[in-house]
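Report on one structure; see the data block that follows.
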Amino acid sequence: MKKIKLSYILILFAMLAFNSCEDVLETEAKDAFAEDLIYSNPDQVERLVFTAYNSTESWSFNRFQWWGRRFNIEGASFEAKFNFKDLDQYRMRGGLTPSNLGMWGGKWGNYWDYVRLTNEFLDRIDDSPAMAENPDKVNVLKAEMKFLRANLYAKLVNLHGGVPIMENALGLDDDFNLPRDSYEACVDFIVSELDEAAAMLPETRPDDEFGRATKLSALAVKSRILLYAASKLHDPAYAPSSDALYTYSKATKWQDASDAAKAVIDLVGARDLIAVADADAYQKLFLSPNQDILFARPYGSQYYEFGTDANSLWDQTQSPNGYGGWALSSPSHNYALQYNMTDGTTTSEGTFDAANPNANREMRYYANLLFQGADFRGRPVDYALAQNPSPETPHGLDSPQGGGNTLHSSKTGYNIRKFQDESVAVSGGISPNRPFILYRLAEIYLNYAEAQYHLGNEDEARTFLNKVSTRALQPEITAEGADLYEAIKRERRVELAFEMHNYYDERRWMEEDHLGFDVRGLTWTKKADGSLVFEEYTVVTRPWWDKHYYLPIPASEVEKAPAMAQNYDY
């Protein structure tokens with residue numbers, strides 16, 4: 001995205017705020033003001049499109065809540081848990097209800113606010129003076145808005161199942177009591193929107209427009225939504241409810257998912273992913289724009305996730321307490337065991353030493369995770385409590401008796417390293433242009449591998465699975481049959497770590513052992529002689545209810561629109 005000055009956004013909000021006042025005072029003045037100043041020329045229209053890009057996901061799980069600005073969905077997934085005081089922020093243990101969605105609260109309304117914004121834009125843009133003045137530019141802006149609306153709908157159906165399809169903004173005289181459309185109809189709508197957008201969007205952008213949608217961005221969203229639709233969760237034979245709000249019955253579903261991924265692959269020439277030599281080089285792939293990123297939320301050097309609040313960045317929110325961090329999402333030991341050994345064997349095989357769990361692990365283990373003894377910001381991470389504290393054997397700086405706010409000490413014996421820029425300060429450090437990656441080429445290769453596996457083309461599946469795995473310095477995967485499918489799942493868990501995939505992946509695969517489970521952690525003890533020992537224990541138990549395949553529709557929305565059926569078991 002171009003370097004968007006905050007003043008542009010403030011000006012737009014001021015315009016809209018003035019517009020709201022005028023709505024009470026004089027309708028004609030409001031209409032003229034909005035039409036003349038927002039849709040009067042292409043530059044004004046472009047600024048409105050910039051605002052709509054705020055609908056994309058980011059470092060924040062929910063930027064409209066203080067807590068929610070500082071972590072993401074990983075704490076509700078198999079990957080991690082919310083760490084501070086073991087709070088049940090996502091209601092994964094206490095259970096979601098239509099009147100209590102925990103940190104999910106407000107996301108439904110926020111998404112629909114942006115749907116309304118995109119609908120109002122698309123209702124007006126074709127007949128606007130801006131379109132008449134520069135149709136080439138404005139048609140691309142229109143395609144961006146279609147892309148953003150499709151991305152919003154994809155998020156809504158992934159969380160809730162089928163939702164009302166609204167292609168136009170509702171007026172005061174319209175019926176707001178809308179029923180939900182079927183999941184399949186929603187997917188068809190999303191795909192149609194993305195096809196239209198892809199036809200108009202440029203294949204590439206100049207560097208100063210990084211973060212704006214391209215043809216590849218639109219095709220990447222299409223690949224993901226069709227992969228999800230083809231998955232077990234939406235198969236009428238397995239879906240937790242047979243209602244059309246949740247099922248997808250197209251006989252061509254896996255071929256469609258394969259074709260969508262292949263469209264991206266063909267455009268990039270099936271090229272290799274960016275090569276890396278070690279964990280440090282791999283970690284740096286996530287700190288700046290690169291050719292493997294298909295769509296990301298960009299940031300500059302002055303303004304970050306929530307205005308000037310740099311402490312919404314993961315350097316502060318995910319670093320261990322001894323570094324002054326808040327360690328809000330602590331990866332589970334269950335998840336850490338998904339990382340292979342350097343020789344490609346799993347942690348359930350003979351080369352894994354359970355007494356020395358951090359030794360000889362694959363490269364991404366060291367790039368993605370912090371663990372006891374990890375070299376981080378100039379010293380080893382130390383979670384260990386001393387058996388007999390002394391100057392020679394003190395409590396670890398990152399332990400519950402260590403430095404910083406010890407309430408933030410990791411309950412699992414792990415922290416997240418991925419996305420952290422160790423060249424800037426933990427508190428308040430901003431690294432210019434660090435993106436929040438939403439779609440990237442490695443995902444497309446894994447999407448294609450999974451679809452090809454289900455089509456029975458195991459050789460092709462292995463080819464693209466290995467494009468991802470061998471880039472991470474793992475030996476080639478030769479598995480067949482069910483073992484190959486498990487290898488594809490494991491690769492997604494590790495390669496796409498903490499990128500908002502696992503929450504949805506485990507659900508669409510219906511991996512209930514990874515949805516309801518004992519969240520395991522390691523507690524480390526430092527003996528008087530300085531040696532370390534650990535014990536594995538259950539941190540919390542996360543139960544599972546089938547209703548948690550989806551979020552409920554907020555109770556207030558169903559009360560306002562009784563035709564909008566509530567999700568099952570809520």
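For clarity, every value in this text was computed on a predicted model and none was experimentally measured.
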For this session: Give the C-alpha distance, both sets of side-chain angles, the deciding distance and a yes or no for salt bridge (Lys or Arg N to Asp or Glu O under 4.0 Å) between R297 and E57.
Result: CA-CA 8 Å; R297 185 177 176 85; E57 300 305 277; over 6 Å; no
Exercise. Is there a donor-acceptor contact under 3.5 Å linking the side chains of Y383 and N415?
Worked result: yes
Problem set entry | For W67, the option from F82, W326, Y90 that meets ring pair (Phe, Tyr, Trp, His ring centres under 6.0 Å) | F82
Exercise. Cut-off 3.5 Å, side chains only: do R149 and N119 have a donor facing an acceptor?
Worked result: yes
Exercise. What is the minimum heavy-atom distance between D123 and E167, and which atoms define it?
Worked result: OD1-O, 4.0 Å
Exercise. Do L245 and Y183 touch side chain to side chain, with heavy atoms closer than 4.5 Å?
Worked result: no
Exercise. So do the side chains of S217 and L201 get within less than 4.5 Å of each other, counting heavy atoms only?
Worked result: no
Problem set entry | Y299 vs L313 side-chain heavy atoms within contact, under 4.5 Å | no
Seminar exercise, completed: When every non-hydrogen atom of S319 is compared with those of V426, the smallest separation belongs to OG-CG2, 4.0 Å
Exercise. Among E511, E450, Q338, E506, which one satisfies side chain to side chain donor-acceptor pair (under 3.5 Å) with K489?
Worked result: E511
For this session: Check whether any side-chain N or O of D174 sits under 3.5 Å from a backbone N or O of G171 as a donor-acceptor pair, and report yes or no.
Result: yes
Exercise. Is the side chain of N62 donor-acceptor paired with the backbone N or O of G105 at a distance under 3.5 Å, no angle test?
Worked result: yes
Exercise. What is the minimum heavy-atom distance between S410 and S330, and which atoms define it?
Worked result: OG-CB, 3.6 Å
Exercise. What about the rings of Y153 and W112, do their centers lie closer together than 6.0 Å?
Worked result: yes
Exercise. Judged by atom type as modelled, is there a donor-acceptor pair below 3.5 Å linking the side chain of R69 to the main-chain atoms of R63?
Worked result: yes
Exercise. If you measure from OG1 on T538 to CG on N334, what distance do you get to the nearest 0.5 Å?
Worked result: 8.5 Å
For this session: Describe, in one word, how the ring planes of F517 and F78 are oriented to each other, choosing from parallel (under 30°), tilted (30 to 60°) and perpendicular (over 60°).
Result: perpendicular
Exercise. Hey, what do you get for OG (S192) to CZ (F189), rounding to the nearest 0.5 Å?
Worked result: 7.5 Å
For this session: Return yes if some donor-acceptor pair links the side-chain N/O of Q89 with the main-chain N/O of F84 below 3.5 Å, else return no.
Result: no
Exercise. Among all residues two or more places apart in sequence or in another chain, which pass the salt bridge (Lys or Arg N to Asp or Glu O under 4.0 Å) test with D505?
Worked result: R492, R508
Exercise. Where the side chain of S55 meets the backbone of A52, is there a donor-acceptor pair that is under 3.5 Å apart?
Worked result: yes
Problem set entry | Evaluation steps, salt bridge (Lys or Arg N to Asp or Glu O under 4.0 Å), between E557 and K560 | CA-CA 5 Å; E557 298 301 316; K560 289 185 289 187; 3.2 Å; yes
Exercise. Any luck finding a side-chain donor-acceptor pair between E79 and S77 under 3.5 Å?
Worked result: yes
Problem set entry | Face-on cation placement of K411 at Y537 ring, 6.0 Å and 45° thresholds | no
For this session: State whether the side chain of E74 and the backbone N or O of N72 hold a donor-acceptor pair below 3.5 Å, judged by distance alone.
Result: yes
Problem set entry | F498 vs P331 side-chain heavy atoms within contact, under 4.5 Å | yes
Problem set entry | Heavy-atom donor-acceptor pair, H548 side chain to G95 backbone, under 3.5 Å | no
Problem set entry | K253/E184 salt bridge by N-O under 4.0 Å criterion | no
Problem set entry | From CA spacing to verdict: side chain to side chain contact (heavy atoms under 4.5 Å, CB included), N368, R417 | CA-CA 5 Å; N368 292 349; R417 186 172 207 157; 5.9 Å; no
Exercise. With side chains defined as the heavy atoms from C-beta onward, is the minimum distance between L170 and L178 less than 4.5 Å?
Worked result: yes
Seminar exercise, completed: Sorted by chain and number, sequence neighbours left out, side-chain contact (heavy atoms from CB on, under 4.5 Å) with D421 holds for L287, D315, S423, V424, S431, R434
Exercise. T406 side chain to G402 main-chain N or O, any donor-acceptor pair under 3.5 Å?
Worked result: no
Enumerate donor-acceptor pairs with a distance under 3.5 Å from any side-chain N or O in residues 561-570 to protein atoms, sequence neighbours excluded.
from : atom 1 : to   : atom 2 : distance (Å)
Q566 : OE1    : I553 : N      : 2.7
Q566 : NE2    : I553 : O      : 2.8
N567 : OD1    : R180 : NH1    : 2.9
N567 : OD1    : R180 : NH2    : 2.8
N567 : OD1    : Y246 : OH     : 2.7
N567 : ND2    : H160 : O      : 3.1
N567 : ND2    : L551 : O      : 2.6
Y568 : OH     : D546 : O      : 2.9
Y570 : OH     : K547 : O      : 3.0
Y570 : OH     : Y550 : O      : 2.7

Problem set entry | Donor-acceptor under 3.5 Å (E144 side chain, R212 main chain) | no
For this session: Supply the atom-to-atom distance D188 CG to S182 OG, rounded to the nearest 0.5 angstrom.
Result: 7.5 Å
Problem set entry | Side-chain (S409) to main-chain (D398) donor-acceptor, under 3.5 angstrom | yes
For this session: Quick one: closest heavy-atom pair of A260 and L226, and the distance?
Result: CB-CD1, 3.9 Å
For this session: Go through the steps for W544 and Y549 under the test side chain to side chain contact (heavy atoms under 4.5 Å, CB included), then give the verdict.
Result: CA-CA 9 Å; W544 176 249; Y549 279 117; 3.7 Å; yes
For this session: Measure from NZ or CZ of R70 to the centre of the six-membered ring of W66, then state whether that distance is under 6.0 Å and the direction lies within 45° of the axis.
Result: yes
Problem set entry | Pair Y503 and W104, ring centroids less than 6.0 Å apart | yes
Problem set entry | Sub-4.5 Å side-chain heavy-atom contact between R116 and D113 | yes
Exercise. Between the side chains of N502 and Y335, does any donor sit under 3.5 Å from an acceptor?
Worked result: no
Exercise. When you check the side-chain N and O atoms of Y414 and H333, is any donor under 3.5 Å from an acceptor?
Worked result: yes
Seminar exercise, completed: When every non-hydrogen atom of L370 is compared with those of P320, the smallest separation belongs to CD1-CD, 3.7 Å
Exercise. Given the rule in the side chain to side chain contact (heavy atoms under 4.5 Å, CB included) test, do Y39 and V45 qualify, once you have shown the distances and angles that lead to the verdict?
Worked result: CA-CA 6 Å; Y39 294 94; V45 169; 4.2 Å; yes
Problem set entry | Geometric cation-pi criterion, K418 with F286: 6.0 Å, 45° | yes
For this session: Tell me yes or no: between the side chains of T412 and R520, is some donor less than 3.5 Å from an acceptor?
Result: no
Exercise. Would a 4.5 Å heavy-atom cut-off, applied to side chains only, mark W108 and L101 as touching?
Worked result: no
Problem set entry | Working for side chain to side chain contact (heavy atoms under 4.5 Å, CB included), residues T97 and S99 | CA-CA 5 Å; T97 70; S99 56; 3.5 Å; yes
Problem set entry | P240 and L233, any side-chain heavy atoms less than 4.5 Å apart | yes
Problem set entry | Nearest atoms (heavy-atom pairs only) where L496 meets R440 | CD2-NH2, 3.7 Å
Exercise. Knowing that exactly one of D86, D88, D518 qualifies, which makes a salt bridge (charged side-chain N to carboxylate O under 4.0 Å, His left out) with K81?
Worked result: D86
